[in-house]
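For reference, the structure discussed in these notes is given below.
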Amino acid sequence: MTGPISNGADKKVAAGICGILLGAFGVHKFLLGYTTEGLIMLLVTIVGGVITCGVATMVMGIIGLIEGIIYLTKSDQEFVATYINSQRGWF
């Protein structure tokens with residue numbers, strides 16, 4: 001690939017799979033360079049999970065699953081435009 005698509009499209013599959021498998025921990029956010037969003041997911045999963053007996057962890061896992069599916073179903077152009085160029089941190 002050449003042009004702007006290759007500037008981030010290579011992260012799409014990795015971020016999508018990490019979102020599906022490790023979404024509760026925000027790994028997919030860190031892969032895309034969204035440190036703040038990744039830390040929010042990680043802290044809510046760990047601290048919120050303890051406080052809410054795991055409910056917060058399940059919610060973060062569902063959010064990660066949804067985001068992973070969204071990443072994988074977007075075209076390379078849409079993915080780059082939305083998550084790399086526009087820096088859209090959530091959904």
Side-chain angles (χ1 to χ4, degrees):
M1 288 184 269
T2 60
I5 295 170
S6 64
N7 294 335
D10 54 334
K11 297 179 181 180
K12 180 176 103 167
V13 174
I17 292 172
C18 285
I20 291 170
L21 298 177
L22 302 169
F25 300 104
V27 174
H28 59 295
K29 299 290 189 183
F30 291 113
L31 281 176
L32 294 174
Y34 301 142
T35 306
T36 302
E37 291 87 345
L39 286 173
I40 289 169
M41 289 188 79
L42 183 61
L43 289 174
V44 169
T45 295
I46 294 171
V47 177
V50 171
I51 294 170
T52 64
C53 298
V55 173
T57 302
M58 288 191 323
V59 170
M60 288 294 110
I62 292 169
I63 290 172
L65 174 68
I66 292 169
E67 287 183 332
I69 292 170
I70 289 171
Y71 295 164
L72 293 175
T73 57
K74 287 193 176 287
S75 69
D76 288 349
Q77 293 87 355
E78 288 176 313
F79 180 81
V80 170
T82 305
Y83 300 106
I84 304 300
N85 295 337
S86 297
Q87 292 288 308
R88 183 174 171 188
W90 298 101
F91 295 100

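Every heavy atom of this structure was used, including side-chain atoms; hydrogens, water molecules and symmetry mates were not. Along the sequence shown, residues carry numbers from 1.
- Here the CG-CD1 distance, from L43 to I40, works out to 8.5 Å after rounding to the nearest 0.5 Å.
- Cluster membership for V59 and I62, using ILVMFWY side-chain heavy atoms within less than 4.5 angstrom, is shared.
- Partner E37 forms a side chain to side chain contact (heavy atoms under 4.5 Å, CB included) with one of H28, K29, E67 and no other, that one being K29.
- Atom CZ of residue F30 and atom CG of residue L39 lie 4.0 Å apart, to the nearest 0.5 angstrom.
- To the nearest 0.5 angstrom, D76 atom CG is 14.0 Å from K11 atom NZ.
- Remark: side-chain polar atoms of T82 are not paired, donor with acceptor, to backbone N or O of F79 under 3.5 angstrom.
- Nearest heavy atom pair, residue V80 against residue G8, reads CG2-C, 4.1 Å.
- Here the side chains of Y34 and Y83 are in contact, with some heavy-atom distance below 4.5 Å.
- Distance check, rounded to the nearest 0.5 Å: CD1 of I70 to CD of E78 gives 11.5 Å.
- There is no path of hydrophobic side-chain contacts, each under 4.5 Å, that joins L32 to I20.
- Note: the hydrophobic cluster containing V44 does not contain I51 (ILVMFWY, side chain heavy atoms under 4.5 Å, direct or indirect links).
- Between atom OG1 of residue T35 and atom CG of residue L42 there is a gap of 12.0 Å, rounded to the nearest 0.5 Å.
- Between Y71 and V13, every side-chain heavy-atom pair lies at or beyond the 4.5 Å cut-off.
- Atoms NZ and CG, on K12 and L31 in that order, are 15.0 Å from each other to the nearest 0.5 Å.
- A single hydrophobic cluster is seen to contain both M60 and I66, as judged by linkage of ILVMFWY side chains at heavy-atom distances under 4.5 Å, directly or through other members.
- W90 and L65 are assigned to two separate hydrophobic clusters, defined by single-linkage of ILVMFWY side chains at heavy-atom distances under 4.5 Å.
- Formation of a donor-acceptor pair under 3.5 Å by the S86 side chain with backbone atoms of A81 is found in this model.
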